[in-house]
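This report concerns only the one structure given below.
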Amino acid sequence: MARSYRLIIVITAAIAFSAAAADNSDVALLLERVKPALQGVSPPANAQLVTWNASTPLCLWRGLRWSTPLGRPLHCDSPAARANLSLARDPSLILLSIRLPAAALAGHLPPALAAFSSLASIYLADNSLSGPIPLDLGNAPALAIVDLASNRLSGALPPSIWNLCDRLSHLRLHDNALTGPIPDPAGPNTTCDALRLLDLAANRFSGSFPPFLTAFRGLQRLDLAANRLQGPIPEGLAAIPGLNLSCNNFSGQMPPDLAAFTPGSFLGNSPALCGPPLRQQCLATPSGLSPAGVAAMVIGLMASAVVVASVSIGWAQGRWRARRAVEEGALETTEDGAGGEGKLLVFQGGEHLTLEEVLNATGQVVDKASYCTVYKAKLAEGGGSIELRLLREGSCKDAESCAPAVRRIGRARHENLVPLRAFYQGRRGEKLLVYDYFPGHRTLHELLHGDQGRPQLTWARRHKIALGAARALAYLHAGHGEAHGNVRSFNVLVDECFVARLAEHALHRLLVPSAAEAVLAAAKADGYRAPELQSRSRCSPRTDVYAFGILLLELLMGRRPSGDLPAAVKAAVLEEATTEVFDAEVVRGVRSPADEGLLHALKLAMGCCAPVAAARPTMAEVVRQLEEIRPRNSSRSALYSPAETRSDAGTPTAAV
Ligand SMILES: *[C@@H]1O[C@H](CO)[C@@H](O)[C@H](O)[C@H]1NC(C)=O
Ligand SMILES: *[C@@H]1O[C@H](CO)[C@@H](O)[C@H](O)[C@H]1NC(C)=O
Ligand SMILES: *[C@@H]1O[C@H](CO)[C@@H](O)[C@H](O)[C@H]1NC(C)=O
Ligand SMILES: *[C@@H]1O[C@H](CO)[C@@H](O)[C@H](O)[C@H]1NC(C)=O
Ligand SMILES: *[C@@H]1O[C@H](CO)[C@@H](O)[C@H](O)[C@H]1NC(C)=O
């Protein structure tokens with residue numbers, strides 16, 4: 001008996017369910033499927049979504065536009081309509097648009113968005129929606145405008161998105177966390193004729209340039225910047241005025257039809273992207289042209305016959321540099337003779353390097369520190385550039401104790417870390433570290449405190465730099481508790497897209513005590529040294545956190561750290577002038593320092609600089625907090641015309 005009883009319950013439940021589904025009026029769909037999804041699980045009811053309820057007249061539901069079944073828009077201007085409670089029970093009303101930008105939505109996108117027969121536009125930018133873009137969205141019958149920029153959407157872009165091509169005019173997915181390749185449309189010869197704007201920038205899309213996009217003839221703007229796309233750029237994009245392919249990893253020769261564009265559309269790609277409008281020239285590789293002809297200087301540690309020849313036939317400047325190199329002890333004599341070479345240890349990504357190639361590279365001095373000299377060096381024809389750090393003699397421990405530390409440094413791989421590719425140890429004890437060379441990179445120190453043609457450093461850009469550096473440190477600390485040991489703005493390289501890369505990680509492990517002390521003394525003079533780091537005590541993750549706190553203060557305040565930044569902040573707080581500590585460029589365009597996370601960042605930096613090491617947060621915690629206060633630099637998207645924004649005046653923009 002009990003069994004059949006249960007069966008009945010199941011059947012009634014099924015009937016009840018189909019009855020609810022049968023009431024698939026737009027109002028019911030919105031309340032049952034869309035509202036709970038957008039709201040998310042967090043308990044405080046969303047201030048906008050709470051208005052979508054049966055005890056509020058439909059005309060006061062925020063962010064929605066409706067039409068009557070006859071296709072006439074529902075006019076909500078009259079007081080009668082605005083007070084009409086029965087409208088919300090009218091099953092014939094049709095939803096036209098959802099517009100809730102910057103409304104603190106914290107849920108996900110429901111598949112039910114595809115179930116509205118006439119929903120033409122969705123504007124949900126600048127929220128905290130997470131999860132994937134539902135596959136069903138591509139089945140929405142009337143969708144023409146989709147703006148989901150600056151959310152936290154992840155996963156792949158479903159190929160069904162191109163099913164919208166009949167009507168789709170704007171697709172904005174800027175600044176999310178979408179991954180994988182940009183999917184091909186299902187049908188061949190899809191041209192998406194109505195599509196004017198396609199903005200997939202600032203995600204994590206990978207793979208090659210999607211060739212089908214060249215067939216989208218209506219595009220006025222195509223923004224794929226700041227992704228991880230690679231390979232060549234195809235021909236056929238010249239008709240798109242607003243093209244931006246910057247900050248990817250595109251390589252190869254620029255197609256000739258793009259020569260008239262500004263370089264600003266292609267910056268920050270692989271150094272192997274070349275040809276006009278970029279300044280980087282494609283290497284013609286005619287055989288017979290000797291690299292000696294373009295040699296500026298040689299840093300051969302053992303001067304072979306070829307090396308000597310290239311110096312002696314070099315032009316005046318080359319000779320001067322060579323002489324300087326000899327004075328520095330970089331250019332050794334050939335007493336080893338043939339076969340007396342040292343050892344080259346190569347790490348992942350450095351497999352192609354040979355000893356001969358490294359030692360015969362031609363280059364120039366770019367920096368000198370107390371314990372090493374830094375060179376930018378060019379490998380022989382077509383081999384690209386590398387960065388070399390020559391440790392001064394006496395600065396490094398003996399070979400046996402050095403090797404394990406070098407191997408650990410060589411294993412570290414993170415996108416915000418300058419990777420060590422090889423290590424050379426000569427017979428006379430000279431040590432050479434081979435790193436990737438990043439063209440177009442500048443040190444953070446130069447960006448913040450230099451004055452030569454520096455780009456604008458908004459809070460959003462500084463935040464990106466800080467987060468990149470923090471991630472690299474968190475990676476080092478998590479791996480095997482390895483400290484960086486020398487966090488300072490000189491050691492943060494920043495590319496054209498404001499991606500930060502930390503240089504010189506863990507070099508302190510290669511230094512003899514006297515040299516390590518010299519580094520610490522410099523860190524103290526520069527203001528980065530944690531109080532507990534008296535000479536001879538060991539660098540640790542906690543001392544890195546302190547130095548990072550100073551670096552973050554340097555970013556926020558725009559001041560050199562040598563003048564005790566934490567003390568300056570404390571003084572300002574006591575005088576109730578906290579907001580005055582921020583660099584003018586940081587607060588420009590910021591509505592309120594609290595809203596944009598600036599105050600939170602300042603507190604975080606001060607926490608990192610706590611005098612007691614145990615009170616400092618871990619780098620993992622720092623990363624988490626920085627991610628939480630990610631500034632929304634897109635504030636208002638291009639899709640909101642002033643008139644549309646005004647009609648939304650009843651929707652107060654909630655702070656995220
Ligand atoms: C319905 O909306 C009004 C605001 O329009 C709000 O004050 C009220 O709490 C809401 N009721 C429910 C049950 O959500
Ligand atoms: C309120 O809306 C209902 C349903 O659309 C409609 O039948 C009714 O006439 C409206 N009442 C007023 C006073 O406008
Ligand atoms: C796609 O276009 C090519 C060349 O324009 C044409 O040969 C082919 O028949 C088209 N395919 C379809 C399914 O329309
Ligand atoms: C960039 O692309 C090249 C191939 O063109 C690849 O070898 C390299 O790993 C890529 N770099 C990054 C950072 O993805
Ligand atoms: C292209 O995008 C990058 C990164 O978003 C931006 O910095 C650059 O100004 C853009 N260039 C153009 C020409 O719009």
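In each ligand, atom 1 is the first atom listed, and ligand 1 is the first ligand listed. This structure is a prediction, so every number in the text was calculated from the model and none was measured.
Listed for the N151 side chain is a donor-acceptor partner under 3.5 Å among the backbone atoms of L129. Between the side chain of H445 and the backbone N or O of N491 there is no donor-acceptor pair closer than 3.5 Å. When atom types are taken as modelled, the side chain of H463 and the backbone of L626 share a donor-acceptor pair closer than 3.5 angstrom.
Heavy-atom separations between A80 and ligand 2 are all 4.0 Å or longer. Heavy-atom distances between R228 and ligand 4 stay at or above 4.0 Å for every pair.
Remark: R389 is not positioned above the aromatic ring of Y375, lacking an NZ or CZ atom under 6.0 angstrom from the ring centre and at most 45 degrees off the axis. Geometrically, R411 does not engage F347 in a cation-pi contact, judged by NZ or CZ lying under 6.0 Å from the ring centre and within 45° of the ring axis.
Those atoms of ligand 4 that come under 4.0 Å of a heavy atom in N249, given as number and element, are 1 (C), 2 (O), 3 (C), 8 (C), 10 (C), 11 (N), 12 (C), 14 (O). Short contacts between ligand 4 and Q230, defined as distances under 4.0 Å to a heavy atom of the residue, involve ligand atoms 1 (C), 2 (O), 10 (C).
The one candidate from D199, L148, L200 that meets the side-chain contact (heavy atoms from CB on, under 4.5 Å) condition with H174 is D199.
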List of N/O pairs, ligand 1 versus protein, all under 3.5 Å?
unit_1	atom_1	unit_2	atom_2	d
ligand 1	2 (O)	V50	O	3.3
ligand 1	2 (O)	N53	ND2	2.5
ligand 1	2 (O)	T56	OG1	2.8
ligand 1	5 (O)	T56	OG1	3.0
ligand 1	11 (N)	N53	ND2	2.8
ligand 1	14 (O)	N53	ND2	3.2

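Taking the six-membered ring for Trp and thresholds of 30 and 60 degrees, W52 and W61 have nearly parallel ring planes, at less than 30 degrees apart.
A side-chain N or O of R501 and one of H441 form a donor-acceptor pair less than 3.5 Å apart.
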